Amino acid sequence: MAKIICVLYDDPVDGMPKVYARDDLPKIEGYADGQTLPTPKGIDFKPGELLGSVSGELGLRKYLTSLGHELVVTSSKDGADSVLDRELHDAEIVISQPFWPAYMTAERIAKAPKLKLIVTAGIGSDHTDLQAASERNITVAEVTFCNSISVAEHVVMMILGLVRNYIPSYQWVVKGGWNIADCVARSYDVEGMHVGTVAAGRIGLAVLRRLKPFDMHLHYFDRHRLPESVEKELNLHWHPTVEDMVKVCDVVTINCPLHPETENLFNANLLSKMKRGAYLVNTARGKIVDRDAIVKALETGQLAGYAGDVWFPQPAPQDHPWRTMPHHGMTPHISGTSLSAQTRYAAGTREILECYFEGRPIRDEYLIVDKGTLAGIGAKSYSKGNATGGSEDAARFKAR
Ligand code: NDP
């Protein structure tokens, strides 16, 4: 029988919700590119429940224990005395979400001789050393498309929030003020602005589609071009390099995976090539930008605003400079873990586990690493190597 470790974020400080804000979720029939939603044989949760925190257990306990497997669920994931480190020695499967990632470094993989499968309940497997997983013949899988639209919605919200100066204006209300001039001294319309996405995959393209009705000029940079019909439909401008794109954009949104090719892409040099006063929204991964260069760019006015929900490491230590830098609209890593998204990726995780235990192939579109190499969607969207360096810093976070 297998031992499965499931690393999840902590429950709400006041405990699991007794009542939810809404009674149901809209029914989604399929994804935009024709991919089907997760197809597990069954689920043991009610769509709309909080599944991503420890007590939610991704709805997996009944299924796994009915097969006689051992399920360890914990939020304790960083530092040598963490539950994750203590339990790894005989684990066969490790599951975690990018929001609260189990950093599966080469050292950890070496400590887990029985490990065969690492599942990302969500999208983005950069928290696993993909090189080390390949070398050990461990399969890495994620639930492709499960929360791409959740993130795209968040990106649009953050672009509007920054450009229209929403958060500081909200804060004036809470403070009891009516300081209209203070609010609008940094407030603009997005209409007519040029917006560009780094990568036009599932999220990037969905962002472009959602911004089209705002009458913005749409740009993208990607290694592969979109079909001509899509470029025409959305009146898209493709750029051969990221430098070429950022110099003409008022707003840039980052939607590529983190891998050695994209790590530190937005460094001081690239930021200096952006238009002065541009906005940068990053919901992809914290390490794609240079942490300190972002702070400097906001302080000097090179960037008018920065928002996103991805940090490095996660959870971000209390003294992470992005918590206090000017003109930011950061949230913890939440865009892909709305209750709507959780329903899909919990079902997708269940589907992956059913395939694994029944000896059926995991869908190609869910595979990142398989049979010793990048595979499936991983072979298309990632490059070889490892992007987990520095993740031990997550142990400095203290829960409040
Ligand atoms: P997709 O795989 O659909 O899209 C990724 C795109 O990135 C592909 O079009 C790929 O191009 C492109 N790409 C990869 N490397 C480069 C590069 N070096 N330069 C330019 N483009 C590149 O993934 P999604 O859109 O669903 O997700 C993208 C990322 O967003 C995830 O990997 C994850 O890091 C992040 N994410 C964040 C979430 C959150 O909660 N904040 C939730 C979900 C995802 P091509 O294939 O053409 O080579």
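Predicted, not measured: the structure shown is a model, and the values here were computed from it. We count ligands from 1, going down the list as the structure has it; atoms in each ligand are counted the same way.
- Annotation: Ser381 places an N or O atom under 3.5 Å from an N or O atom of ligand 1; distance criterion only.
- Counting only N and O atoms by type, the side chains of Asp85 and Ser82 include a donor and acceptor under 3.5 Å apart.
- With hydrogens left out, the protein atom closest to atom 39 (C) of ligand 1 is His333 NE2, 3.1 Å, a heavy atom.
- For NZ of Lys371, the number of neighbouring non-hydrogen atoms (other residues, nucleotides, ligands) closer than 6.0 Å is 12 at most.
- Atom 5 (C) of ligand 1 has its closest protein heavy atom at Pro257 CD, 3.7 Å.
- Atoms of ligand 1 lying under 4.0 Å from at least one heavy atom of His224, given by number and element, are 45 (P), 47 (O), 48 (O).
- Here is the list of ligand 1 atoms found below 4.0 Å of a heavy atom in Asn255: 28 (C).
- Without hydrogens or angle criteria, Gln342 side chain to Thr337 main chain gives a donor-acceptor distance under 3.5 Å.
- The shortest contact between atom 20 (C) of ligand 1 and any protein heavy atom is with Phe221 CE2, 3.6 Å.
- Ligand-side atoms of ligand 1 in range of Phe99: 40 (O), range being under 4.0 angstrom from any heavy atom.
- In this structure, a donor-acceptor pair under 3.5 Å is absent between the side chains of Thr300 and Gln302.
- Ligand 1 lies less than 4.0 angstrom from a heavy atom belonging to Asp309.
- Comparing Gly122, Ala284, Gly124 against atom 35 (C) of ligand 1, the shortest heavy-atom distance belongs to Ala284.
- Scanning the protein heavy atoms around atom 15 (N) of ligand 1, the nearest turns out to be His259 NE2, 2.9 Å.
- Polar contact check, Asp126 against ligand 1: no nitrogen or oxygen pair lies under 3.5 Å apart.
- Scanning all protein heavy atoms for the shortest distance to atom 37 (C) of ligand 1 gives Thr283 O, 3.1 Å.
- Figure legend: Arg291 and Trp311 shown without cation-pi pairing, the cationic atom not lying both under 6.0 angstrom from the six-membered ring centre and within 45 degrees of its axis.
- Between the Tyr382 side chain and the Ser125 main chain, a donor and an acceptor come within less than 3.5 Å of each other.
- The protein heavy-atom contact nearest to atom 26 (O) of ligand 1 is Ser148 OG, 3.0 Å.
- Residue Ile203 places at least one N or O, backbone or side chain, under 3.5 Å from an N or O of ligand 1.
- Of all the atoms in ligand 1, the ones that sit under 4.0 Å from a non-hydrogen atom of Asn147 are 42 (C), 43 (C).
- A donor atom on one side chain and an acceptor atom on the other are found under 3.5 Å apart for Glu92 and Tyr356.
- The contact set between ligand 1 and Ala199, taken as ligand atoms under 4.0 Å from a residue heavy atom, comprises 6 (C), 7 (O), 12 (C), 21 (N).
- Closest to atom 22 (C) of ligand 1 by heavy atom, among Cys256, Ser125, Gly204, Gly378, is Cys256.
- Summary of contacts: the protein heavy atom closest to atom 1 (P) of ligand 1 is Arg202 NH1, 3.6 Å.
- Residues Asp309 and Thr283 bring no donor and acceptor atom of their side chains to less than 3.5 Å of each other.
- The proximity of Lys380 to ligand 1, defined as any non-hydrogen pair under 4.0 Å, involves the side chain as well as the backbone.
- The nearest heavy-atom contact from the protein to atom 16 (C) of ligand 1 is Arg223 NE, 3.7 Å.
- Taking each of Thr262, Thr331, Asp222 in turn, the one with a heavy atom nearest to atom 21 (N) of ligand 1 proves to be Asp222.
- The atoms of ligand 1 that sit less than 4.0 Å from any heavy atom of Val151 are 38 (C), 39 (C), 40 (O), 42 (C), 43 (C).
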Check against side-chain contact (heavy atoms from CB on, under 4.5 Å), Thr74 and Val54:
CA-CA 6 Å; Thr74 182; Val54 171; over 6 Å; no
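- Between Ser75 and Asp10, the side chains place a donor N or O and an acceptor N or O closer than 3.5 Å (distance only, hydrogens not considered).
- Atom OH of Tyr166 sits in a sparse spot, with 12 or fewer heavy atoms from other residues, nucleotides or ligands closer than 6.0 Å.
- Near Ile123, meaning under 4.0 Å from any of its heavy atoms, are these atoms of ligand 1: 26 (O), 31 (C), 33 (C), 43 (C), 44 (C).
- Checked by distance only, ligand 1 and Gly336 come closer than 3.5 Å through their nitrogen or oxygen atoms.
- Every residue meeting the side chain to side chain donor-acceptor pair (under 3.5 Å) condition with Asp44, not counting sequence neighbours, appears here in chain and number order: Arg350.
- A donor atom on one side chain and an acceptor atom on the other are found under 3.5 Å apart for His194 and His219.
- Using a 4.0 Å cut-off between a side-chain N of Lys or Arg and a carboxylate O of Asp or Glu, Asp189 and Arg164 qualify as a salt bridge.
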